[in-house]
**Q** 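Take a look at this one; I'll ask things after.
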Amino acid sequence: MKTLKIAIQKSGRLNEKSVEILKNCGLSFENYKSSLISTVTNFPLEILFLRDDDIPEYVQDGIADLGIVGENVIVESGSEVTYLQKLGFGKCTLKIAIPNEANITEIAQLEGKAIATSYPVILEKYLKDNHVNAEVRTISGSVEIGPGLGLSDAICDIVSTGGTLKSNGLKPFSEVMKSEAILIGKEGSELLPEVQELLQRIRSVLRAKETKYVVLNVAKTNLKKVVDLLPGVKSPTVVPLFDEDWVAVHSVIAEHDFWEKINSLKAAGAQGIVVMPIEKIIA
């Protein structure tokens with residue numbers, strides 16, 4: 001079998017979640033906090049720990065077969081890579097922010113303004129799409145201090161909670177793009193059997209995170225109403241109880257669907273509802 005190479009962030013907000021999802025896939029590896037390369041002992045895979053800005057280029061050039069990196073980094077780099085799977089973590093938004101006292105309410109009012117950013121490619125495209133001619137000033141790190149130092153009239157930066165903006169006297173103004181961690185591959189990598197197996201593992205873990213295992217009791221007279229609310233993977237499992245008039249219903253359901261249906265389940269006669277996490281779901 002071919003030994004794959006996957007590049008992930010060495011340090012930063014995506015590192016821990018990237019390591020976590022790989023370990024949840026049953027991969028065994030050590031020394032990931034002190035080494036630039038870690039070898040998986042139970043799967044043909046080596047993990048490269050890199051700066052996130054380098055990951056798209058490493059994958060594009062075939063130095064790594066796969067990578068986990070934020071979509072904002074991919075778009076900014078312009079690298080030609082294949083999106084294999086959105087991973088559901090590292091979610092953030094690239095936004096334009098302005099000083100609290102700024103009297104700007106429309107994108108057109110940024111005309112002629114200076115905007116500081118670490119994402120000039122993305123920002124320039126956004127401004128062009130909105131027919132705004134503004135000066136883009138590229139700054140590496142600490143973009144939020146730009147207006148305070150008189151370097152810019154606004155900034156364009158990644159926003160997660162908004163706390164950093166607030167502490168620097170800024171407020172979000174316009175959303176440029178949403179981003180999350182993406183599993184990427186070089187062109188054609190998805191055809192490799194080793195990549196297909198790893199993708200299957202990752203998708204099984206992701207499906208499990210989005211679903212719950214539900215067990216409940218219901219009188220047989222109300223069974224159809226409950227089953228109609230809990231379709232399960234194919235259909236719920238119904239198990240007889242000691243009391244012949246009652247059954248236990250076992251089902252797998254998307255968590256957001258469950259919370260939307262909880263009151264309907266109770267109204268239909270469901271009792272003793274137990275909700276449990278699922279480790280993996282194999283298609």
Side-chain angles (χ1 to χ4, degrees), residues 5-18 21-22 47-98 107 110 113-144 146 152 154-162 164-165 170 172-190 195 199 202-203 206:
K5 290 182 173 62
I6 184 170
I8 70 173
Q9 191 182 58
K10 178 172 176 54
S11 61
R13 62 191 184 90
L14 298 187
N15 170 264
E16 288 189 9
K17 288 293 186 180
S18 298
I21 196 168
L22 293 176
I47 304 170
L48 313 180
F49 297 90
L50 307 174
R51 291 176 61 254
D52 56 355
D53 290 347
D54 294 332
I55 293 174
E57 185 177 351
Y58 269 58
V59 174
Q60 173 188 266
D61 295 345
I63 299 170
D65 302 285
L66 305 169
I68 296 177
V69 68
E71 186 173 9
N72 57 300
V73 178
I74 304 167
V75 175
E76 181 65 25
S77 72
S79 298
E80 296 182 3
V81 296
T82 301
Y83 284 29
L84 299 178
Q85 180 66 51
K86 291 187 175 184
L87 299 174
F89 61 83
K91 292 185 177 181
C92 58
T93 308
L94 187 63
K95 290 184 177 181
I96 294 174
I98 57 177
I107 293 293
L110 293 174
K113 303 291 187 183
I115 307 174
T117 186
S118 298
Y119 299 94
V121 173
I122 296 174
L123 176 58
E124 286 172 0
K125 182 179 185 305
Y126 177 78
L127 293 172
K128 182 178 180 180
D129 290 345
N130 284 276
H131 310 291
V132 173
N133 184 22
E135 180 185 353
V136 176
R137 295 182 176 173
T138 304
I139 297 178
S140 297
S142 301
V143 171
E144 63 277 355
S152 65
I155 70 166
C156 180
D157 202 13
I158 292 295
V159 177
S160 295
T161 64
T164 302
L165 294 182
L170 301 172
F173 169 64
S174 180
E175 180 179 300
V176 176
M177 74 169 289
K178 292 185 182 297
S179 178
E180 66 178 278
I182 307 281
L183 176 69
I184 59 174
K186 66 179 182 181
E187 187 176 352
S189 62
E190 69 277 11
V195 172
L199 262 176
I202 289 174
R203 288 167 179 165
L206 293 176

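Everything numeric here is computed off the predicted structure, so don't read it as measured data. Along the sequence shown, residues are numbered consecutively beginning with 1.
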**Q** In terms of heavy-atom contacts, does CZ of Phe173 have more than 12 from other residues, nucleotides or ligands at under 6.0 Å?
**A** yes

**Q** Determine, step by step, whether Ile158 and Asn72 satisfy the side-chain contact (heavy atoms from CB on, under 4.5 Å) criterion, reporting the C-alpha distance in whole Å, the side-chain angles of both residues, the deciding distance to 0.1 Å, and the verdict.
**A** CA-CA 9 Å; Ile158 292 295; Asn72 57 300; 3.7 Å; yes

**Q** For a 4.5 angstrom cut-off between non-hydrogen side-chain atoms, does Val59 reach Leu66?
**A** no

**Q** Could you go through Leu87 and Leu206, starting from their C-alpha distance and side-chain angles, then the distance that decides it, and tell me whether this counts as side-chain contact (heavy atoms from CB on, under 4.5 Å)?
**A** CA-CA 7 Å; Leu87 299 174; Leu206 293 176; 4.2 Å; yes

**Q** Counting distance only, does the side-chain N/O of Ser179 pair as donor-acceptor with the main-chain N or O of Glu71 below 3.5 Å?
**A** yes

**Q** Heavy atoms, side chains only, cut-off 4.5 Å: are Lys113 and Ser152 in contact?
**A**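 No - every pair of side-chain heavy atoms lies 4.5 Å or more apart.
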
**Q** Taking side chain as C-beta onward, heavy atoms only, is Val176 less than 4.5 Å from Cys156?
**A**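 Yes, close enough: below the 4.5 Å cut-off.
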
**Q** So which heavy atom on Glu190 is nearest to which on Thr82, and how close?
**A**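 It is OE1-CG2, 4.2 Å.
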
**Q** Any donor and acceptor pair, going by atom type alone, linking the side chain of Gln60 with main-chain N or O of Val81 inside 3.5 Å?
**A** no

**Q** Who are the side-chain hydrogen bond (donor to acceptor under 3.5 Å, both in side chains) partners of Ser118, not counting sequence neighbours?
**A**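 None.
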
**Q** So, taking the atom named NZ in Lys10 and the one named CG in Asp52, what distance separates them when rounded to the nearest 0.5 Å?
**A**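 Lys10 NZ to Asp52 CG: 13.0 Å, rounded to 0.5 Å.
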
**Q** Might you point out which heavy atoms bring Ala116 and Val143 nearest each other, and give the distance in Å?
**A**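 Closest heavy-atom pair between Ala116 and Val143: O-CG1, 3.3 Å.
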
**Q** Within the structure provided, determine whether Ile184 and Ile74 are in side-chain contact (heavy-atom separation under 4.5 Å).
**A**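 Yes. Closest side-chain heavy atoms under 4.5 Å.
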
**Q** Among Ile98, Asp157, Ile155, find the residue that satisfies the side chain to side chain contact (heavy atoms under 4.5 Å, CB included) test when tested with Leu165.
**A** Ile155

**Q** Are side-chain heavy atoms of Gln85 and Arg203 found at a separation under 4.5 Å?
**A** yes

**Q** Going by heavy atoms in the side chains, are Leu183 and Ile6 under 4.5 Å from each other?
**A**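 A side-chain contact exists here, since the closest heavy-atom pair is under 4.5 Å.
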
**Q** Which residues pass the side-chain hydrogen bond (donor to acceptor under 3.5 Å, both in side chains) test with Lys91, not counting sequence neighbours?
**A** none

**Q** Just verifying a value: how many Å separate Glu175 CD and Thr93 OG1, rounded to the nearest 0.5 Å?
**A** 5.0 Å

**Q** How far apart are the closest heavy atoms of Ala134 and Ile115, and which atoms are they?
**A**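 Shortest heavy-atom separation between Ala134 and Ile115 comes out as CB-CD1, 4.1 Å.
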
**Q** Please lay out, stage by stage, how Tyr126 and Val136 fare under the test side-chain contact (heavy atoms from CB on, under 4.5 Å).
**A** CA-CA 11 Å; Tyr126 177 78; Val136 176; over 6 Å; no

**Q** Considering non-hydrogen atoms only, spot the tightest contact between Ile55 and Gly67 and give its length.
**A**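 Of all heavy-atom pairs spanning Ile55 and Gly67, the closest is CG2-CA, 4.0 Å.
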
**Q** With a 4.5 Å cut-off on side-chain heavy atoms, are Asp53 and Ser77 touching?
**A** no

**Q** Within the distance-only criterion (no hydrogens, no angle test), does the side chain of Thr117 pair as donor or acceptor with the backbone N or O of Tyr119 below 3.5 angstrom?
**A** yes

**Q** Does atom CD of Glu16 have more than 12 heavy-atom neighbours from other groups under 6.0 Å away?
**A** no

**Q** Just how far is it from atom CG of Leu14 to atom CD1 of Ile68, taken to the nearest 0.5 Å?
**A**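 Nearest 0.5 Å value for the CG-CD1 distance: 8.5 Å.
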
**Q** How long is the gap from CG on Asp61 to CD on Glu80, to the nearest 0.5 Å?
**A**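 The CG atom of Asp61 sits 10.5 Å away from the CD atom of Glu80.
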
**Q** With rounding to the nearest 0.5 Å, note down the distance linking CZ in Phe89 to OG in Ser18.
**A** 4.0 Å

**Q** Report the residues that fulfil side-chain hydrogen bond (donor to acceptor under 3.5 Å, both in side chains) with Glu180, sequence neighbours left out, ordered by chain and then residue number.
**A** none

**Q** Tell me, do Asp65 and Lys186 make a side-chain contact under 4.5 Å, heavy atoms counted?
**A** yes

**Q** CD1/Ile96 to CG/Leu170 distance, rounded to the nearest 0.5 angstrom?
**A**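 Here the interatomic distance stands at 12.5 Å.
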
**Q** Would you indicate whether Glu57, at its atom CD, is surrounded by more than 12 heavy atoms from other residues, nucleotides or ligands within a distance under 6.0 Å?
**A** no

